[in-house]
Structure formats: C-alpha cells, structure tokens
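Because the structure is a prediction, the values reported are computed rather than measured. In the text below, chain A, chain B and the rest are named by the order of the sequence lines, each starting its count at 1.
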2 protein chains.
Amino acid sequence: MKSERKIFADYLVKKNLRETPQRGMILDAFLKIEEHTTAEQLYDIVKKRDNTIGQATVYRVLKLICDAGLAREVDFGDGVMRYEHCYNHPHHDHLVCRSCGKTVEVVDLVIEELQKRVAESFGFELTDHEMYLYGICGNCRHKK
Amino acid sequence: MKSERKIFADYLVKKNLRETPQRGMILDAFLKIEEHTTAEQLYDIVKKRDNTIGQATVYRVLKLICDAGLAREVDFGDGVMRYEHCYNHPHHDHLVCRSCGKTVEVVDLVIEELQKRVAESFGFELTDHEMYLYGICGNCRHKK
DNA sequence: TTGCTTCTGATAATCATTATCATTTATGCG
DNA sequence: CGCATAAATGATAATGATTATCAGAAGCAA
C-alpha cells in the first residue's frame, strides 16, 4: 500500500510538475488533519511553520491534492469549500447537525443502489452524487 | 386551495410588511417561470417591464417568497443559487446531467425512509436533506 | 398635513476564490 | 559550469454572487 506522499509524488511526476518545499509542507499539514478543513484553516497552520507562504499557493496545492486523488471537496452550503481525506477513505455522505455543526460520515449501500436505479429509470448513467442529511444531534436535543 | 398570490399577501400581512408594486411584479414573474431560476435571470425579466427596478430588490423579494413558503433554494454547486416553486410542488431531489445541465426532479420514498433511519441510528433527528444525483443523460450519451 | 415606518434603488462592501504578473527557483542541455 | 527555458511562488488585483448601507420615496396613522 503506497503512502500518500508517494502517491502525490507520482502524481506530480506524471503531470510534469515539480516537487517543491511548499507542496510538501502543505500536503503534510493536510494529512495531519483528520477533520474537514478549509483552505483558510490550512493556510493558518502552514503559515506557522513558514510565514512567507502565500494563500494562493495553498489554494493551488489543495487543488493538486484533489486531482491526485488524496482529497475530496465537501460543500455544506455555507459558502466555504471544505476538504476531506479521500485515500483509503471510501465514499460516504454526511450527516450534519443544524445546531452545533457536528458531522458524521455515513454510508448506506441500499441507498446507493437505489440512487443508481432512480438515475437509470430516467435514462441517466449515474457518475456521482451528493447527499447531505441535516438534523439535530442527540446532544443538542437534550440541551433543550 | 389558495392562490400563490393570496398566500404571499397573507404572509406580508402576518409579518407587517407592505404589498408594493415591485413585490407583486417580482412574484408574478417568478410564478410564470417553471424552471429553476437565478436572481439574475429574474432580474432581467422584471427589468423588461420596469427598468427602474433594482437587483437588490429582486434578491430581497426572492427571500420573502422563500419565507412565505412559495419557493425553495436549490444549490447545484456552481456558485449560483437557484430558486424553484415550492407550493403544491412536493419535496423532491434532483438528477442533473453533467454534460448538458438538464435537470429532472426525482423522488424515491424508500430512499427517504432510509435517510431517516440512517440519521436516527446516529441519534440525529432528521430535519431535512439535500440529494443531488449527477450523471450523463441519454441524449448526451448517444451524441458520442 | 405631519410624523413615522417601511421600501426602494444605487452603490459600496464582503468574502471566498481565481487570475495576473514580476520574481524566484528548478531543470535540461551544450 | 553557465545559459536558456519552463514552472512555481507570493503579493496583489480581479471576480462575481450576494449583502449591507443609506438617502430619498412611498405608504400609513392620527
């Protein structure tokens, strides 16, 4: 099983892109974070190690990381794009608490299968999907 | 069965808001459109009838129409908010063609039920959800 | 009418993201 | 090595949808 760093390096080679300290640093920082992250948050973290880095670079590298198959964009609809790990992290959807913002990753194979069938029944070939379940989590309900 | 205009008028009264020519005109224009509409598109239409109208007003009234329960926001993730009719138009999700942008409204009661169960299994009380199925429609597939 | 509140339109502000561009850095080749 | 070429970076400006602001207009109450 190849490491994320190796995959990224291979991706750069394949695309005739160069391995640079900034790219390495941003990838490392991203890999250390397990939660969903915004470009801004990642920028703040990386800046602590090297305050000459620009946020444009963070946006750029984040895009590369996605292309390399190591990250996935997640859009909770609040105007900020979030990124989550994608390697060895199979597809899933999100359950989001409307009150505290807590998120849980969920998968339901039956739902996935039904989605495919629904699409086919309209002549579509399903390529991907997004599903966000919004609700109130147990904690927040008990506080009231 | 109350008309959309009546519902909107009642909503305005309930909220101590006024019925104005602009609000009437924007609502009428919105009701005439059956497809998903952006604020920009609606603004263009309304401007033809009254070119003194401001786009800020269109945004404002669109928000009122949503609050009144006559419209719903739809986010296809391309950075522009769309609005669709909501009254006498039961809940549904969207199937979107990645190639031509065509959209189809879909509902699957089994999926809906499973979503509720998934949420409950994590202690969440489901309030709402978003589901977008992306694929390639029959037309686009045949063109290749 | 007079005062008061709400609405409106024009415009500026916002905010995440993207584009631009001059400078720096890396790489290949003679 | 040294030069030529290409890619990467950081600072900053631009973008584009949406929101806030604010002065003037319009509706309502007494």
Using distance only, find each side-chain donor-acceptor pair of residues 12-26 of chain B under 3.5 Å and give its atom names and separation, not counting sequence neighbours.
from	atom 1	to	atom 2	distance (Å)
B:Thr20	OG1	B:Arg23	N	3.2
B:Arg23	NH1	B:Arg18	O	2.7

Please list, one pair per line, the donor and acceptor atoms closer than 3.5 Å that link side chains of residues 38-45 of chain B to other protein atoms, with sequence neighbours excluded.
from	atom 1	to	atom 2	distance (Å)
B:Thr38	OG1	B:Gln41	N	3.1
B:Gln41	OE1	B:Thr38	N	3.0

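Look at CZ on B:Arg18: it is 11 Å from C1' on D:dA25, rounded to the nearest Å. Between the C1' atom of C:dT18 and the CD atom of A:Glu73 lies a distance of 13 Å, rounded to the nearest Å. The distance from atom CG of A:Leu42 to atom C1' of C:dT17 is 15 Å, rounded to the nearest whole Å.
With sequence neighbours excluded, the residues forming a ring-ring contact (aromatic ring centres under 6.0 Å, His included) with A:Phe76 are A:His36, A:His94, A:Tyr132, listed by chain and number. Contacts of A:Phe124 classified as ring-ring contact (aromatic ring centres under 6.0 Å, His included), with partners at least two apart in sequence or in another chain: none. Annotation: side chain to side chain donor-acceptor pair (under 3.5 Å) contacts of A:Asp28 (sequence neighbours excluded): A:Arg5. For A:His129, the ring-ring contact (aromatic ring centres under 6.0 Å, His included) partners are A:His91, not counting sequence neighbours.
Residues B:Val104 and B:Val96 form no side-chain contact, since every pair of their non-hydrogen atoms from C-beta on lies 4.5 Å or further apart.
Comment: B:Arg98 engages A:Asp128 in a salt bridge, judged by a side-chain N to carboxylate O separation of less than 4.0 angstrom.
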Produce a footprint string for nucleotides 13-20 of chain D: one letter per nucleotide, 5' end first; B if the base is under 4.0 Å from any protein heavy atom, S if only the sugar-phosphate is, - if neither. ----SBBB
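Pairs engaging residues 48-75 of chain A under the salt bridge (charged side-chain N to carboxylate O under 4.0 Å, His left out) rule: A:Arg72-A:Glu84 [sequence neighbours left out].
In this structure, the helix from C:dT1-D:dA30 to C:dG30-D:dC1 shows an angle of 10° between the axis at its start and the axis at its end, each fitted on 5 base pairs and rounded to 10°.
In the hydrophobic clustering (ILVMFWY side chains linked at under 4.5 Å, chained through shared members), A:Tyr59 stands by itself.
Hydrophobic clustering of Ile, Leu, Val, Met, Phe, Trp and Tyr side chains at less than 4.5 Å, counting indirect connections, unites B:Leu62 with B:Leu64.
Sorted by residue number, the members of residues 21-35 of chain B with any non-hydrogen atom under 4.0 Å from DNA chain C read B:Gln22, B:Arg23. Contacts of residues 46-54 of chain B with DNA chain D (heavy atom under 4.0 Å): none.
Of the two residues near DNA chain C, B:Glu19 and B:Tyr43, the one whose nearest nucleotide lies more 5' is B:Glu19.
Residue A:Thr20 places at least one side-chain N or O closer than 4.0 Å to OP1 or OP2 of D:dT9.
More than 12 heavy atoms of other residues, nucleotides or ligands lie within 6.0 Å of NZ in B:Lys47, so this atom counts as buried by the packing criterion.
Between A:His92 and A:His89, the two ring planes are perpendicular [angle over 60°; tilted spans 30° to 60°].
Across D:dG27, D:dA8, D:dG10, the shortest atom-to-atom separation from the side chain of A:Thr57 is found for D:dG10.
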